[in-house]
Amino acid sequence: MEEERDHNASESSLPSLSKQLESSTLGGSTVDVPVVDLSVSDEDFLVREVVKASEEWGVFQVVNHGIPTELMRQLQMVGTQFFELPDAEKETVAKEEDFEGYKKNYLGGINNWDEHLFHRLSPPSIINYKYWPKNPPQYREVTEEYTKHMKRLTEKILGWLSEGLGLQREAFTQSIGGDTAEYVLRVNFYPPTQDTELVIGAAAHSDMGAIALLIPNEVPGLQAFKDEQWLDLDYIDSAVVVIIGDQLMRMTNGRLKNVLHRAKSDKDKLRISWPVFVAPRADMSVGPLPEFTGDENPPKFETLIYNDYIDQKIRGWALEDLPVY
């Protein structure tokens, strides 16, 4: 998920996270991160564009994606209303032993602001509604409707990636578990801060799941690392940011790029983002698919039970003593 980074250089196409954080400022250059218009009728063109962006960048934005703009606004509204509640009410869905729930604290190292709401969305068998806010009262209805659209968009993108890499359309969807693939929402809350060069919203990381789809509010702040520099992603109204995660990189034996990214706080404005993380079940084996390996292209990554991969990555955080987001 979005708080993860690679535990081992052999498991990543990314530069060393430690090296990137050394003397790194939060400034970035604005470039044209790929934007794919999904209303284009030529599906072969869409397949080529999505694959190209995933191979070269590991991040892109999609517009005209079919998620109703009004539903996206409602999701943003109920999420914002939750964070406006008194602390005592937010604590009613506080984290316990698992990663789900509400959490608020500062983290060590870089002054990493961490206030968020985290809970599972799908499949129904893993949902624990005690971590879903009851206030605002529309929260559950809006979030469940958004989940339906998000799953359709995710499966469409995974289908294009599969076809573009010479696989059956359902290949990547099935490789992460099909209907049992886990969808998790994290609502990130970044309050304004005057120390924008010292306080970062989210430390540099790659997502250890398969793919993430994110919408922000209108305040920019997401950055991606490419060509040895941090690049700002422009805010595009109603666009969805697509981020390739570790497992798609590992399944394609490195052909798809898992992108190093981070989030900045703003000096004057509140920034909130809504990433949905899509990952295999914890008990699934994930590694390079046979279609991407051979005598001249041996596996670059070890096949692992996904939960073991998570454990290894978390141990990697501890070894480098870096802030965890």
Side-chain angles (χ1 to χ4, degrees), residues 2 14 20 24-40 45-46 48-73 75-77 79-80 113 146 149-150 153-154 156-157 160-161 186-193 196-197 199-207 211-245 256-277 325:
E2 192 169 324
L14 303 173
Q20 297 310 322
S24 175
T25 66
L26 300 184
S29 301
T30 300
V31 295
D32 294 329
V33 172
V35 178
V36 183
D37 185 347
L38 301 191
S39 67
V40 173
F45 173 81
L46 292 177
R48 289 194 300 271
E49 291 298 294
V50 167
V51 170
K52 182 180 179 182
S54 300
E55 288 181 331
E56 296 181 3
W57 286 79
V59 59
F60 55 97
Q61 301 197 60
V62 294
V63 297
N64 297 318
H65 40 64
I67 303 176
T69 300
E70 179 57 28
L71 177 60
M72 296 173 74
R73 298 286 183 267
L75 182 81
Q76 291 171 318
M77 180 182 68
T80 303
W113 175 264
Y146 182 74
H149 287 275
M150 184 56 57
L153 178 59
T154 300
K156 187 178 293 185
I157 292 170
W160 288 331
L161 287 172
R186 175 168 175 150
V187 188
N188 299 306
F189 181 86
Y190 308 124
T193 174
T196 55
E197 289 299 317
V199 179
I200 188 168
H205 63 284
S206 68
D207 295 339
I211 193 170
L213 284 79
L214 175 151
I215 61 171
N217 67 348
E218 72 282 358
V219 181
L222 184 60
Q223 295 183 320
F225 192 81
K226 187 178 189 296
D227 298 330
E228 301 302 316
Q229 61 181 323
W230 286 105
L231 305 172
D232 294 320
L233 273 72
D234 282 333
Y235 170 75
I236 301 174
D237 187 33
S238 300
V240 173
V241 179
V242 180
I243 300 172
I244 302 300
L256 298 185
K257 177 183 175 63
N258 62 339
V259 64
L260 187 69
H261 55 288
R262 66 184 185 185
K264 300 186 299 180
S265 298
D266 189 85
K267 182 181 293 185
D268 303 308
K269 298 177 181 178
L270 168 67
R271 183 174 182 272
I272 310 181
S273 67
W274 288 260
V276 171
F277 304 103
Y325 165 71

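As the structure is a prediction and not an experimental result, all values here were calculated from the model.
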Practice item. Taking all heavy atoms of Trp160 and all of Val51, pick out the closest pair and write down the distance. Key: O-CG2, 4.1 Å
Point to revise | Heavy-atom side-chain contact between Lys257 and Glu55 under 4.5 Å | key: no
Check your understanding: Quick check: does any side chain N or O of His261 sit under 3.5 Å from a backbone N or O of His205, one acting as donor and the other as acceptor?
Key -> yes
Exercise for review: Answer whether the closest heavy-atom distance between the side chains of Leu38 and Leu153 falls below 4.5 Å.
Suggested key: yes
Review point. Below 4.5 Å, heavy atoms only, C-beta onward: do Val35 and Asp234 meet side chain to side chain?
Key: no
Practice item. Kindly give the heavy-atom pair with the smallest separation between Ser54 and Phe60, and that separation in Å. Key: OG-CE2, 3.4 Å
Point to revise | Side-chain heavy-atom pair Leu270, Phe189 within 4.5 angstrom cut-off | key: yes
Check your understanding: Given side chains that start at C-beta, do those of Val276 and Tyr146 come closer than 4.5 Å, heavy atoms only?
Key -> yes
Review point. Shortest non-hydrogen contact from Val62 to His65?
Key: O-CD2, 3.3 Å
Review point. Heavy atoms, side chains only, cut-off 4.5 Å: are Met72 and Val240 in contact?
Key: yes
Review point. Per the side-chain contact (heavy atoms from CB on, under 4.5 Å) rule, which among Ile211, Leu213, Val259 passes with Ile243?
Key: Val259
Point to revise | Interatomic spacing from OH in Tyr235 to CG in Leu222 - rounded to 0.5 Å | key: 13.5 Å
Point to revise | Arg271 to Ala263 - nearest heavy-atom pair and separation | key: NH1-CB, 3.7 Å
Exercise for review: Quick one: pull up CG in Leu161 and NZ in Lys156 and give me the separation to the nearest 0.5 Å.
Suggested key: 13.5 Å
Practice item. Begin from the C-alpha positions of Val241 and Val33 and carry the test side chain to side chain contact (heavy atoms under 4.5 Å, CB included) through to its verdict. Key: CA-CA 10 Å; Val241 179; Val33 172; over 6 Å; no
Review point. What closest approach, in Å, do Asp37 and Leu46 show between heavy atoms, and which atom pair accounts for it?
Key: O-CD2, 3.3 Å
Practice item. To the nearest 0.5 Å, tell me how far Thr69 OG1 sits from Asn64 CG. Key: 8.5 Å
Check your understanding: Do the non-hydrogen side-chain atoms of Gln76 and Ile272 ever get within less than 4.5 Å of each other?
Key -> no
Practice item. For Gln223 and Lys264, work out which heavy atoms get closest and say how close. Key: NE2-CD, 3.5 Å
Check your understanding: So do the side chains of Val36 and Gln61 get within less than 4.5 Å of each other, counting heavy atoms only?
Key -> no
